[in-house]
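Indexing begins at 1, ligand by ligand and atom by atom, following the structure's order. Remember, it's a predicted structure, so these values are computed and weren't measured experimentally.
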Amino acid sequence: MEKLMEQFLEQSAQAEDGFYRMEEQRLQAEDRRREAEHARELHMLQMLGQMFANGASSSSSTHPQRKTLTLVISAVLERYYALGSTSHKGMEDDILSLVKTIIPPLTSKKHKGQDGRIGIIGGCQDYTGAPYFAAISALKVGADLSHVFCTKDAATVIKSYSPELIVHPVLDSPNAVEEIEKWLPRLHGLVVGPGLGRDDFLLKTAKEVIERSKARDIPIVIDADGLWLVTQQPSVIQGYQKGILTPNFMEFTRLYEALHHEPMDSSDHQRGVLQVSAAMGNLTLVLKGEQDLITDGSRVFSCSVEGSGRRCGGQGDLLSGSMGVLAHWAHTASTAGTVRSVNPSVVAAFGACSLTRQCNSQAFQQHGRSTTTSDMIQEIGSAFKKLFES
Ligand SMILES: NC(=O)C1=CN([C@@H]2O[C@H](COP(=O)(O)OP(=O)(O)OC[C@H]3O[C@@H](n4cnc5c(N)ncnc54)[C@H](O)[C@@H]3O)[C@@H](O)[C@H]2O)[C@@H](O)CC1
Ligand SMILES: Nc1ncnc2c1ncn2[C@@H]1O[C@H](COP(=O)(O)OP(=O)(O)OP(=O)(O)O)[C@@H](O)[C@H]1O
């Protein structure tokens, strides 16, 4: 009897084992099927996004067609990111497709100013090139008006570079903040820092202008000496979702060390940018370099559009000026519901990085080692077309 009982228990245990083995195999097969389906869906969405993006940017599309296509691309890409892609493969193309959706169409119904009035806070006795590069880049990307708020002695010099810019010699005047504030209601985007210098009075003015622009919900790009200010007083922009910081490696290291009170681990830039963005209240951050790393603290996008080995001064100004316009376009698109799950500041940053690198590559093909930022600015029109309108 005991033996029979033992046999019975052994057979039951074997049957149970068999059952669990089969069940495990069934679940594994189900997982594989789901993964394949998921990958197929991601692939299809990527292809659809690409297809529609090309359609939306085609100049033959009419306005309503373009609008519908734009909504379809966004929906497709939104779904793609909602699926939680962890792979970075193809991500650059996807974000580029999103950039295409934020570009306002050129129609005869528009009035001057509608596609963007951008302000640059910067330009002092030492630096007149930087604000000029940023302001002219904003115009060439597609802003309708570009204002420079600089010191008195820099203004005539900047005006002499270009009749296209509106130059206000107010930055070192005693009532500078009030002078600049008068213009804020008309501005759609602000770039703070190119050629600002580090004079205490100018930095104090810049700080106050940032505060007043935040109160008006204006997208703000902070670069160069504006980042010096942020390093001293992070709270000036901390947590402002329409803010973007664009440090080069040196500027980034300073900011990191000011926020974390310890040296940065320079072997892990991805971690570094996530930490800085988080410490800044999930602010959008672009660490410029061999690959530009862009994050809002949730994920890191890298922009590696081919540039060149030429690193002339002023490339960062082209970047910040164009980002000022794209930030305005991206937030407008976001308000209209076109861009949802990807942070509009990230879309704008990615667009500007791609454009700067493409300009660098095109200018380098013609001028090689003698390439300067002015040569790159000449390329903005064709680089823009190649990246976003073809
Ligand atoms: N023509 C002009 O008027 C220009 C004026 N500029 C202005 O000049 C002022 C100072 O800017 P700086 O960029 O010199 O700032 P800093 O005085 O903070 O210098 C940063 C230093 O970091 C170095 N650096 C950059 N990337 C690095 C990396 N990956 N590894 C190691 N070192 C690195 C640079 O060579 C530079 O010497 C700003 O107001 C800026 O806007 C620049 O925009 C360049 C053009
Ligand atoms: N090593 C690199 N390879 C390719 N492109 C780069 C490299 N470093 C920078 N860039 C490109 O040049 C742009 C400007 O970056 P850069 O580091 O020159 O800024 P910056 O030092 O702030 O410029 P500026 O001279 O205007 O102050 C970046 O956005 C990036 O696209």
Side-chain angles (χ1 to χ4, degrees), residues 92 120-137 148-151 153-154 157-158 160-162 171 191-199 202-203 206 221-232 244-258 264 266-267 269 272-273 284-294 301-324 326 348-364 371-377 379-380 383 387:
E92 288 198 12
I120 313 292
I121 307 291
C124 61
Q125 193 178 30
D126 287 347
Y127 307 123
T128 54
Y132 161 77
F133 291 143
I136 199 79
S137 298
V148 177
F149 300 91
C150 59
T151 61
D153 47 10
V157 182
I158 298 171
S160 75
Y161 296 151
S162 166
L171 205 52
V191 181
V192 181
L196 177 65
R198 291 175 194 166
D199 172 87
L202 299 187
L203 290 175
V221 177
I222 304 192
D223 187 34
D225 300 315
L227 292 167
W228 180 263
L229 169 67
V230 173
T231 299
Q232 316 297 314
I244 311 180
L245 307 183
T246 57
N248 62 28
F249 183 70
M250 281 305 257
E251 291 157 343
F252 181 74
T253 309
R254 275 188 215 124
L255 188 56
Y256 182 97
E257 290 175 2
M264 195 181 75
S266 56
S267 65
H269 288 183
V273 291
T284 299
L285 180 87
V286 180
L287 170 56
K288 301 176 284 191
E290 191 172 355
Q291 293 188 334
D292 296 327
L293 297 181
I294 303 162
F301 295 92
S302 79
C303 176
S304 51
V305 170
E306 195 183 339
S308 79
R310 178 75 172 128
R311 302 265 69 78
C312 50
Q315 299 185 28
D317 306 316
L318 192 165
L319 179 80
S320 60
S322 44
M323 203 177 290
L326 288 165
F350 193 91
C353 289
S354 310
L355 183 71
T356 306
R357 300 172 77 98
Q358 181 67 28
C359 289
N360 183 262
S361 161
Q362 290 182 198
F364 188 77
T371 301
T372 60
T373 298
S374 298
D375 299 323
M376 287 172 58
I377 287 169
E379 299 299 321
I380 290 178
L387 287 172

- Query: Is the shortest N/O to N/O distance between Ala130 and ligand 1 below 3.5 Å?
  - Reply: yes
- Could you tell me the residue and atom name of the protein heavy atom closest to atom 10 (C) of ligand 1, and the distance to it rounded to 0.1 Å? Tyr127 OH, 3.9 Å
- Could you name the option among Met250, Arg198, Gln315 that has the heavy atom nearest to atom 16 (P) of ligand 1? Arg198
- Task: Measure from atom 8 (O) of ligand 1 to the protein's non-hydrogen atoms and state whether any distance is below 4.0 Å.
- Result: yes
Side-chain donor-acceptor pairs under 3.5 Å in residues 121-128, sequence neighbours left out?
{"from": "Thr128", "atom 1": "OG1", "to": "Tyr161", "atom 2": "OH", "distance (Å)": "2.6"}

- Atom indices of ligand 2 within 4.0 angstrom of Asp292 heavy atoms, with elements: 28 (C), 29 (O), 30 (C), 31 (O)
- Message: Quick check on contacts: which atoms of ligand 1 are under 4.0 angstrom from a heavy atom of Asp317?
- Response: 41 (O), 42 (C), 43 (O), 45 (C)
- Task: Check whether any protein heavy atom sits under 4.0 Å from atom 38 (C) of ligand 1.
- Result: yes
- What's the shortest distance from atom 12 (P) of ligand 1 to any protein heavy atom, and which residue and atom give it? Glu251 OE2, 5.0 Å
- Item | Location of contacts on Glu290 toward ligand 1, heavy atoms closer than 4.0 Å | neither
- Task: Would you mind running through ligand 2 and noting each atom that sits below 4.0 Å from a heavy atom of Leu319?
- Result: 29 (O)
- Closest to atom 2 (C) of ligand 2 (judged by heavy-atom distance), picking from Lys288, Met250, Arg311: Arg311
- Message: Give the atom numbers and elements of ligand 1 that come within less than 4.0 Å of a heavy atom of Pro194.
- Response: 41 (O)
- Query: Among protein heavy atoms, which sits nearest to atom 1 (N) of ligand 1, and what does the distance come to when rounded to 0.1 Å?
  - Reply: Gly129 CA, 3.7 Å
- Note on the structure: Under 4.0 Å from one or more heavy atoms of Gly314, ligand 2 contributes atoms 24 (P), 25 (O), 26 (O)
- Note on the structure: ligand 1 to Asp225, heavy atom cutoff 4.0 Å, flagged ligand atoms 9 (C), 38 (C), 39 (O)
- Among non-hydrogen protein atoms, atom 23 (O) of ligand 2 lies closest to Gly316 N, 3.2 Å
- Run down the list Asn248, Thr246, Ile294 and name the one with the heavy atom closest to atom 17 (O) of ligand 2. Asn248
- Task: Would you mind running through ligand 2 and noting each atom that sits below 4.0 Å from a heavy atom of Gly313?
- Result: 25 (O)
- Asp375 side chain to Thr372 side chain, donor-acceptor N/O pair below 3.5 angstrom: yes
- Message: On a heavy-atom basis, I'd like to know which of Leu355, Thr356, Thr373 is closest to atom 13 (C) of ligand 2.
- Response: Thr356
- Message: Protein non-hydrogen atoms only, distance under 4.0 Å: does atom 29 (N) of ligand 1 have such a neighbour?
- Response: yes
- Query: Does a side chain donor of either Gln315 or Thr356 reach within less than 3.5 Å of an acceptor in the other side chain?
  - Reply: no
- Verify the contact flag for atom 35 (O) of ligand 1, where contact means a protein heavy atom under 4.0 Å away. no
- Note on the structure: Residue, atom and distance of the protein heavy atom nearest atom 44 (C) of ligand 1 read Gly314 N, 3.6 Å
- Note on the structure: Numbered in order shown, the ligand 1 atoms found under 4.0 Å of a heavy atom of Ala224 are 38 (C), 40 (C), 41 (O)
- Measure from atom 18 (O) of ligand 1 to the protein's non-hydrogen atoms and state whether any distance is below 4.0 Å. yes
- For Pro131, enumerate each residue passing the side chain to side chain contact (heavy atoms under 4.5 Å, CB included) test, keeping only those at least two apart in sequence or located in another chain. Ile120, Val148, Ile158
- Item | Contact atoms of ligand 2, heavy-atom distance to Asp317 under 4.0 Å | 26 (O)
- Task: Pull out every atom of ligand 1 sitting under 4.0 Å from any heavy atom of Phe249, numbered as shown with elements.
- Result: 28 (C), 29 (N), 30 (N)
- Query: Leu196 heavy atoms, cut-off 4.0 Å: which ligand 1 atoms fall inside?
  - Reply: 39 (O)
- Give the numbers and elements of all ligand 1 atoms closer than 4.0 Å to a heavy atom of Gly195. 39 (O), 40 (C), 41 (O)
- Item | Where ligand 1 meets Arg254 - atom numbers and elements under 4.0 angstrom, heavy-atom basis | 16 (P), 18 (O)
- Looking only at heavy atoms of Ala224, does any of them come nearer than 4.0 Å to an atom of ligand 2? no
- Is the closest protein non-hydrogen atom to atom 25 (O) of ligand 2 under 4.0 Å? yes
